[in-house]
Each structure stands twice: as structure tokens, then as C-alpha cells.
Amino acid sequence: MMGERAVLQEPLFFGFSLERHVPADHLLRAIDRFIDLDGVRQHLAPFYSPIGRPSIDPELLIRMLLVGYCFGIRSERRLCEEVHLNLAYRWFCRLGLDGDVPDHSTFSKNRHGRFRDSDLLRHLFETVVRRCMAEGLVGGEGFAVDASLIKADANRQRCVPGEEGLPAAAASRAIDEYLAVLDDAAFGAATPVKPKFISPADPASRWTGANKGLAFFAYSTNYLIDLDHAVIVDVEPSSAVRQAEVAAARTMIERVHEQHDLRPNRLAADAAYGSAEMLEWLVHQQGIDPHIPVIDKSAREDGTFSRSDFTYDHAADLYECPGGKVLQRNRRAFSAPRDDPPPDDTYRYRASKADCDACELKPRCCPNTPARKVTRSIYEGARDFARAIAKTDAYVNSRRQRKKVEMLFAHLKRILKLDRLRLRGPCGARDEFLLAATAQNLRKLAKLIPPSTPTMA
């Protein structure tokens with residue numbers, strides 16, 4: 001017998017609890033345990049007027065932004081719609097059933113104003129890092145650093161040649177930010193080479209073909225992670241060139257030491273960070289063991305002896321060739337010692353022409369020159385130290401652990417959907433990278449730290 005739904009009079013009152021309708025194993029429940037926004041209002045207090053109409057609660061805006069970045073909701077307009085409809089999002093944002101969702105334009109007004117003026121997103125990221133440290137997820141012994149390209153919100157079809165520069169009439173917030181970072185080591189001052197093309201929409205983004213496909217405009221997001229649990233201890237935007245990424249790595253290492261009193265014993269990175277200057281800075285200024293491949297272009301491919309075939313004597317400051325002869329910087333005594341480093345940071349060690357002429361190995365050493373010359377960087381000591389580390393088991397382990405940072409970039413692009421920026425300019429890139437790294441650390445906390453007591457749904 002077919003049943004029929006009885007249509008009854010609707011009740012005048014409902015008893016409804018958001019707490020009961022959010023599953024106990026929902027990601028937002030796990031993340032909510034680690035959200036500490038008690039200091040947000042105090043941090044922003046100097047940037048609000050003491051009079052006038054009350055504003056939207058900044059804690060609500062932060063919670064909504066975290067929802068968006070944790071679940072890959074890239075549009076703020078769509079984020080407002082999702083928070084309006086989704087019960088779990090409403091619970092996390094403390095809106096209840098009848099709370100009003102702010103308009104999407106509120107995010108833009110606050111982001112370009114008090115959020116950036118107060119550096120709120122950096123404050124939020126540092127708060128989460130300190131929570132990770134308190135939970136024992138940051139060992140502080142070994143770090144890894146790397147960079148990944150993120151496409152900018154710039155049309156590659158609407159660009160101008162780099163030699164011509166920006167049109168004189170061009171004006172926008174992104175252009176103002178571009179002009180502000182021209183002397184920044186991670187942007188304009190990273191390299192004197194002018195890009196092939198410039199985007200008038202976002203001139204700070206860099207034209208790059210590093211992915212071996214169609215060139216595009218991009219920024220680099222730089223991660224410094226702790227190797228114990230792959231917690232992101234710092235994040236920094238930079239131009240999409242190697243020199244800028246190395247400068248960003250230095251900035252992050254110094255800032256982590258200043259903010260959290262963390263200085264690792266070792267740093268793992270790929271060969272892009274293996275320049276002589278970077279290794280010198282790590283070894284002699286920071287006291288960090290570089291588990292990094294050394295950039296070395298001294299090997300010869302014409303069959304003649306390379307620099308590695310010559311033995312360097314540190315005490316006597318000279319090289320010994322395979323034939324047993326010495327190569328010296330100076331072959332005569334000077335009245336005034338010449339201790340100043342050379343202009344190009346490279347010493348030159350030369351053999352005696354008489355020794356080379358009488359040597360039977362000359363065809364394999366210097367067949368086209370009267371005598372052999374070997375160059376040595378003033379930072380070669382740090383390079384030798386890195387080469388010695390590369391022969392240890394700890395180095396092999398660090399090379400394997402370094403892949404954790406690449407996995408974070410894959411998670412950033414595929415799960416959080418940050419493969420293309422939505423905001424323009426260096427400040428926009430910084431905001432997005434900070435929020436995404438904060439979301440990744442919160443998800444890490446939720447995954448690794450179980451609740452102390454079962455949550456009652």
C-alpha cells in the first residue's frame with residue numbers, strides 16, 4: 001500500500017543547534033582547536049577610529065579567509081555565498097543561523113587598508129608557527145628551503161617589451177607597489193637583467209620560461225620548513241629569478257632567528273642555492289651546515305686536467321699540479337703585502353713557464369697556453385666544506401627529506417588551488433602566500449595533533 005505524506009501545520013518554533021549538525025570529524029573542528037585570535041582586536045586597535053559606526057568584526061573576516069584558503073575557495077564572492085549556505089562554515093565563523101555574512105567588498109577594503117598597514121596576516125602566520133612549536137612539531141635542527149613559481153594575474157598577450165618600460169600614462173596600485181620594490185633584493189635589485197616583457201597590469205611579476213613550456217608572468221613563493229614534520233616556519237614572495245629566491249632565503253633564515261630564536265644546524269636545498277656567496281654566508285656568518293650541491297663549473301670537457309686534479313695546500317696557500325709542481329698567487333716578494341681581495345672575488349694561481357715547458361704532462365694540462373693557471377674563489381673554503389658534507393650519510397638523508405618542501409608546493413597548487421594568483425602586486429602575492437602557508441600549517445596541526453577528549457557532536 002502506497003503511503004502518503006501527512007501535511008501537518010508547521011511548528012511555530014524550532015530547536016536547532018549548529019553544534020549538533022557539524023560532524024565530529026570535520027576538518028574545521030580539528031582546525032578550530034588551534035585558532036587563537038584573541039590578540040587580533042588588540043593588534044588592530046590603533047588602525048580603527050574611536051568614533052563612528054561599528055565595523056565588521058575583524059575576527060569574522062579572518063575566519064572566513066581561513067575557510068577559503070583551507071578549502072581552496074579562490075573567489076571572495078563565492079566564499080561569502082558558501083559561508084552563507086554551509087552550516088560548518090557558519091559554525092566556524094561563529095555566525096549562527098541568522099548571522100549576516102559580510103559583503104565581498106569588505107575583504108578588499110580591509111586588505112588594502114588596515115590589514116596591510118598593521119601587517120595582520122604576518123602576525124597571524126607567526127601565531128600559528130608558535131602554536132606548532134608549542135605542540136612539539138618544530139625540532140629546529142634541520143631546515144629546508146625552496147621556491148616555486150606561481151602564475152600572476154597578468155595576461156601574456158597584453159605585455160610590452162621590457163626595454164621600452166611601462167607606458168607613461170599607466171597608473172594603478174600594482175604599479176605603485178612595483179615602484180616601491182625596485183630597490184628590494186628580492187625584486188627589482190635581484191638582477192640587472194631586464195625582463196623580455198613587462199605586464200602593465202602587474203609589472204612586478206616576472207616573465208619566465210622556467211617550466212620549459214610557454215613563458216608566463218609569475219612570482220616565486222619561498223618556503224622555509226622544519227624537516228621534522230614539514231611545518232612552514234617562514235614564507236616570502238620574490239621575483240621569479242634565482243638571485244631573488246636566494247635573497248628571500250636569507251631573509252627568512254634571519255627573520256626566523258629573530259622572531260622564534262630558531263637557527264638550524266643544517267640547511268637542505270637544491271643546487272640553485274649552492275653559489276659561493278650563499279655558502280660563505282651560511283658557513284661563516286650563520287654557522288649552518290649547507291647540505292646543498294655546490295655550483296661548480298670548473299670541470300673541463302676537452303680532456304685536459306680540471307681544477308679538481310690540482311691539490312690545494314691551505315697552510316702554504318698554493319696548488320700542486322699532477323706533475324708535482326706548484327702554482328702560486330705571487331712569485332715574487334712585494335714591499336707592501338697584497339691582502340686585499342681581488343675585484344672579481346677570484347684568486348689566480350699560476351705555474352712557472354719553465355716548469356710547464358719541461359713537463360711531459362703539458363699536452364694534457366695546458367696545450368694552448370705557455371703555463372697553467374688555476375682560479376680559486378675567495379669563498380672556496382665554504383665550498384670545500386660543502387663538498388665534504390656531500391660525502392656523508394647525513395647529506396644523503398637531507399637530500400631525501402628535502403622533498404618535503406616540494407610536497408608542500410604540490411599540496412598548495414593541487415589541493416588549495418593556488419596555482420595562479422588572484423591579487424596583483426607584491427603585496428597581493430605576499431597576502432596570498434601568507435594565508436596559504438597559514439592554512440597549510442593549520443591543516444598539519446589538525447592532522448598530527450589528536451583531540452585530547454572526544455568531541456561530542
query: To the nearest 0.5 Å, how far apart are CD1 in Ile150 and CG in Leu412?
result: 5.0 Å
Within-4.5 Å side-chain heavy-atom neighbours: Val405 and Val145: no
- line: Leu279 and Gly274 have their tightest heavy-atom pair at CD1-O, 3.7 Å
- request: Check the pair Ile31 / Leu445 against side chain to side chain contact (heavy atoms under 4.5 Å, CB included), numbers first and verdict last.
  value: CA-CA 7 Å; Ile31 287 177; Leu445 280 165; over 6 Å; no
query: Would you call Arg122 and Asp431 a salt bridge, using N to O less than 4.0 angstrom?
result: no
- prompt: So, do Ile62 and Leu121 sit near enough that their side-chain heavy atoms are less than 4.5 Å apart?
  reply: yes
query: Does the pair Arg307/Asp296 count as a salt bridge with the N-to-O cut at 4.0 Å?
result: yes
Glu236 backbone acceptor or donor facing Asn222 side chain under 3.5 Å: yes
message: Would you say that Pro161 contacts Lys196 through its side chain, given a criterion of any heavy-atom pair below 4.5 Å between the two side chains?
response: no
- prompt: Arg158 versus Ser199: any side-chain heavy-atom pair under 4.5 Å?
  reply: no
message: Tyr319 vs Arg376, test: side chain to side chain donor-acceptor pair (under 3.5 Å). Steps then yes/no.
response: CA-CA 10 Å; Tyr319 276 96; Arg376 180 179 177 85; 3.1 Å; yes
Arg387/Asp384 ion pair, N-O < 4.0 Å: yes
statement: Taken to the nearest 0.5 Å, the spacing of Tyr349 OH from Leu327 CG works out to 10.0 Å
query: Mind checking whether Tyr89 and Phe71 have ring centres under 6.0 Å apart?
result: yes
message: Please give me the minimum heavy-atom distance between Tyr395 and Ile292, naming the atom from each residue.
response: CE1-N, 3.7 Å
message: For Arg250, is there an ion pair with Glu254 - N to carboxylate O distance below 4.0 angstrom?
response: no
- prompt: Would you call Asp317-Arg329 a salt bridge at under 4.0 Å N-O?
  reply: yes
- prompt: Under 4.5 Å between any side-chain heavy atoms of Val256 and Leu224, yes or no?
  reply: yes
query: Quick check: does any side chain N or O of Arg443 sit under 3.5 Å from a backbone N or O of Cys70, one acting as donor and the other as acceptor?
result: yes
- prompt: Do side-chain atoms of Asp153 reach the backbone of Arg424 as a donor and acceptor pair under 3.5 angstrom?
  reply: no
query: To the nearest 0.5 Å, what is the distance between CZ (Arg383) and CD1 (Ile378)?
result: 11.5 Å
task: Before giving the answer on side chain to side chain donor-acceptor pair (under 3.5 Å), spell out for Tyr223 and Gln440 the whole-Å C-alpha distance, their side-chain angles and the decisive distance to 0.1 Å.
output: CA-CA 12 Å; Tyr223 277 6; Gln440 286 182 292; 2.7 Å; yes
Asp36 bridged to Arg130 by N-O distance under 4.0 Å: no
query: Arg74 side chain to Leu421 main-chain N or O, any donor-acceptor pair under 3.5 Å?
result: no
- request: Taking all heavy atoms of Leu44 and all of Pro58, pick out the closest pair and write down the distance.
  value: CD1-CB, 3.5 Å
field: Any donor-acceptor pair under 3.5 Å from Thr106 side chain to Pro102 backbone
entry: no
task: Would you mind checking if Arg111 and Asp117 are paired as a salt bridge, meaning a charged N to carboxylate O distance below 4.0 Å?
output: no
task: Nearest 0.5 Å please: distance from the CG atom of Asp270 over to the CZ atom of Arg402.
output: 5.0 Å
task: For Arg399, look at atom CZ and say whether over 12 heavy atoms of other residues, nucleotides or ligands are found less than 6.0 Å away.
output: yes
Over 12 foreign heavy atoms within 6.0 Å of NE2, His284: yes
- request: Indicate yes or no for a side-chain donor-acceptor contact from Arg77 to the backbone of Asp103 under 3.5 Å, with no hydrogens or angles considered.
  value: no
message: Please check if the number of heavy atoms outside Arg41 that lie under 6.0 Å from its CZ is greater than 12.
response: no
- prompt: So, the side chain of Ser172 versus the backbone of Ile175: is there a donor-acceptor pair under 3.5 Å, distance only?
  reply: yes
message: Rounded to the nearest 0.5 Å, what separates atom CD in Glu164 from atom CZ in Phe197?
response: 10.0 Å
Side-chain (His291) to main-chain (Leu267) donor-acceptor, under 3.5 angstrom: no
- line: Output for pair (Ile56 CD1, Met64 CE), nearest 0.5 Å, gives 9.5 Å
field: Trace of the side chain to side chain contact (heavy atoms under 4.5 Å, CB included) decision for His260 with Val138
entry: CA-CA 11 Å; His260 306 292; Val138 178; over 6 Å; no
message: For Ser205 and Lys151, which I'm curious about, is there any donor-acceptor pair between the side chains at under 3.5 Å?
response: no
message: Would the distance check show the side chain of Asp309 and the main-chain N or O of Ser306 forming a donor-acceptor pair, the cut-off being under 3.5 Å?
response: yes
- prompt: Does any N or O in the side chain of Arg348 come within less than 3.5 Å of the main-chain N or O of Thr375, such that one atom is a donor and the other an acceptor?
  reply: no
message: Cation-pi check for Phe305 against Arg300: NZ or CZ below 6.0 Å from the six-membered ring centre and within 45 degrees of the axis, yes or no?
response: no
field: Pairing of Asp202 and Arg206 as salt bridge, 4.0 angstrom limit
entry: no
- prompt: Does the distance from a Lys or Arg side-chain N to an Asp or Glu carboxylate O, for Arg116 and Glu177, drop under 4.0 Å?
  reply: yes
task: Go through His257 and Gln286 one step at a time and tell me if the side chain to side chain donor-acceptor pair (under 3.5 Å) criterion holds.
output: CA-CA 10 Å; His257 177 65; Gln286 300 298 313; over 6 Å; no
task: Compute the centroid of each ring, for Phe125 and then for His123, and state whether the two points are separated by less than 6.0 Å.
output: no
Test: Asp32 and Arg94 ion pair at under 4.0 Å: yes
Flag if over 12 foreign heavy atoms under 6.0 Å of CG, Asp183: no
query: Yes or no on side chain to side chain contact (heavy atoms under 4.5 Å, CB included) for Phe187 and Tyr219, after CA distance, side-chain angles and deciding distance?
result: CA-CA 10 Å; Phe187 284 97; Tyr219 286 92; 3.8 Å; yes
field: Derivation of the side chain to side chain contact (heavy atoms under 4.5 Å, CB included) call for Ile225 and Phe143
entry: CA-CA 5 Å; Ile225 72 165; Phe143 284 0; over 6 Å; no
- prompt: Looking only at side chains, do Tyr312 and Glu380 share a donor and an acceptor under 3.5 Å apart?
  reply: no
query: Is the Lys NZ or Arg CZ of Arg29 less than 6.0 Å from the centre of Trp91's six-membered ring, within 45° of the axis?
result: yes
message: Just so I know, are the side chains of Phe310 and Cys365 near enough to count as touching, which here means a heavy-atom distance under 4.5 Å?
response: yes
message: Quick one, Ser220 with Glu245, criterion side chain to side chain donor-acceptor pair (under 3.5 Å). Give me CA distance, side-chain angles, the key distance, then yes/no.
response: CA-CA 7 Å; Ser220 284; Glu245 294 167 359; 2.9 Å; yes
Arg78/Glu81 salt bridge by N-O under 4.0 Å criterion: no
task: May I ask you to check whether over 12 heavy atoms, not counting those of Asp393, lie within 6.0 Å of atom CG?
output: no
